[in-house]
Amino acid sequence: MNFLADVIIRPVITEKATKLSEGKKKKYVFICKLSATKPQIKRAVEKLFGVKVEKVNTMIYRGKIKRRGIFIGHRPSFKKAIVTLKPGYQIDITKLTEKFISQPSK
Amino acid sequence: MNFEIKNISPTIFEISGSFKEEEIKELYQSELERLAKSVKIPGFRPGKAPLEIIERKYGEEAKNNAVKSKIAEIIEQETKKKETWIETLSFETPVWSQKGDTIEFSIKVEVIPKKKIDLDVDIEKPQEKLDASDDEVKREIDNLKERFAVLEEETEKDTVSQNDVAVFDITIKNLKTGKVNQKRISQIVNIQNSEEFFKKLVDGMKINEVREVVLGDEKITVKLKSIKRKVIPKEEDLAKTLGYNNEKEMYEDIKKRILNQKKNELKSSLYFSFIGKVAEKNQLSIPRTLFMQKLNDVISRYPQLERKLAESQAILLSAEEIVIKNIIEQDKIDISDEDIENYIQELSERTNIPPQKIKENFKDRMETLKALVKEKKVQEKIFEIIEKKIS
């Protein structure tokens with residue numbers, strides 16, 4: 001079972017993600033827990049930022065296999081979610097980062 | 001914005017005061033924009049990160065820079081007014097804190113203080129009359145003879161002594177590696193000026209004789225090729241070499257040059273003794289930064305000068321600058337375009353650089369050029385005062 005606070009790990013703040021948030025349809029990118037479902041992500045964003053979500057698109061990035069000499073390991077997999085808000089809603093970029101200030105970066 | 005200026009020492013002032021945060025809003029914004037262009041933030045290409053993110057990460061730094069710029073602005077304005085000081089030499093990092101929307105600051109600045117300079121000082125009349133004696137002229141001619149001496153082949157001698165100049169082939173071989181480190185063919189050596197071991201090695205050598213010496217890991221082989229003789233030119237020949245028609249003309253010109261040199265030396269010594277007395281009478285305080293600048297100048301120009309002498313020279317030069325800058329303000333020294341032209345012409349004659357090139361060099365630094373011309377005008381005024389006093 002996923003608690004709402006555990007669903008979203010951190011927002012993605014890059015040039016591309018900023019561009020998405022500045023478009024006609026406000027879209028925000030988050031790194032989420034691998035087991036999080038779309039409805040859970042929707043509820044988490046609505047609760048955390050007080051907005052209405054139109055849709056959620058998710059994708060799973062498989063961790064790359066890394067080899068160091070004879071040892072083989074892999075980087076952790078993660079789920080990325082692109083959350084589209086309903087018209088008239090938007091999230092302030094400073095608020096977006098403030099909520100996750102204590103979260104370790106990727 | 002309100003601030004007050006407190007005198008800590010004759011050359012150090014403390015400016016403390018406060019201003020509203022709004023006053024640095026523009027500076028802060030431009031500082032953020034400047035940072036946005038240069039800083040690298042992960043996920044963004046340089047200069048592409050939004051200002052909000054830059055503000056979150058570098059807001060403190062931008063604010064610090066904005067406050068510093070504001071304080072620098074205040075200092076510049078005060079310097080322009082020239083009410084308390086003439087020129088700012090240096091300032092410490094400002095101390096500032098924010099209370100609500102008010103920013104309080106304090107900063108210490110070292111300056112050339114504004115002071116009324118009294119030039120009415122007594123100066124001693126030089127006792128000796130300027131003259132170039134025959135002995136001095138002869139000494140100068142002897143020096144010139146030594147400089148223009150030529151080396152000729154010695155035919156009568158076949159053994160070298162320690163006072164000769166001779167031509168050698170010198171080979172330096174490393175005994176450990178067996179390699180030749182240096183090979184000098186037909187090297188002219190003034191044996192008198194060479195090292196002690198070399199003097200001993202070559203003493204009494206005959207032409208084509210080979211001698212060797214081992215020094216540490218190196219073996220030095222020397223072969224004497226020929227002995228040279230220094231031929232000092234006759235006065236007649238020297239005069240022609242130097243471009244005079246005859247010896248008399250050379251003698252007169254050298255006498256004139258010596259006299260001119262002495263005149264300049266006397267002028268300079270009178271000038272600096274006058275500056276010293278003016279500094280003493282007006283109780284001038286020398287700012288440390290100015291003194292260090294002048295000391296570095298003196299040391300770089302005369303590296304072999306004793307420290308104490310260099311320091312006293314630096315004190316005089318600092319006092320000169322303080323006196324000149326204050327007189328420029330006091331007497332409202334003004335310059336015309338003609339003065340600038342004359343100065344450039346004079347500079348060109350002194351340095352052999354065409355006036356056009358000097359103008360190009362000063363193209364972006366017109367203020368510096370004007371300051372130099374003003375300084376020269378004040379120096380001329382001081383020379384006039386000195387001349388009046390001693391005549």
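Note on naming: letters A, B, ... go to the chains in the order of the sequence lines (proteins, then strands), and numbering restarts at 1 for each one. The figures here come from the full heavy-atom set of this structure, side chains too, leaving out hydrogens, waters and symmetry mates.
Under a cut-off of 6.0 angstrom, the local environment of CD1 in A:I65 is sparse, with at most 12 non-hydrogen atoms contributed by other residues, nucleotides or ligands. Summarising the local packing, CZ of B:R34 is surrounded by more than 12 heavy atoms from other residues, nucleotides or ligands at distances under 6.0 Å. Annotation: B:K173, atom NZ; neighbour count of heavy atoms from other residues, nucleotides and ligands within 6.0 Å does not exceed 12. B:K179 NZ: 12 or fewer foreign heavy atoms inside a 6.0 Å radius. The neighbour count for B:D337 CG, taken as heavy atoms of other residues, nucleotides or ligands under 6.0 Å away, does not exceed 12.
Looking at B:I41, there are no atoms closer than 4.5 Å to chain A (heavy atoms on both sides), in backbone or side chain.
At a heavy-atom cut-off of under 4.5 Å, chain B is reached by A:T14, A:E15, A:T18 from residues 14-23 of chain A, listed in order of number. Using a 4.5 Å heavy-atom cut-off against chain A, no residue of residues 356-374 of chain B qualifies as contacting.
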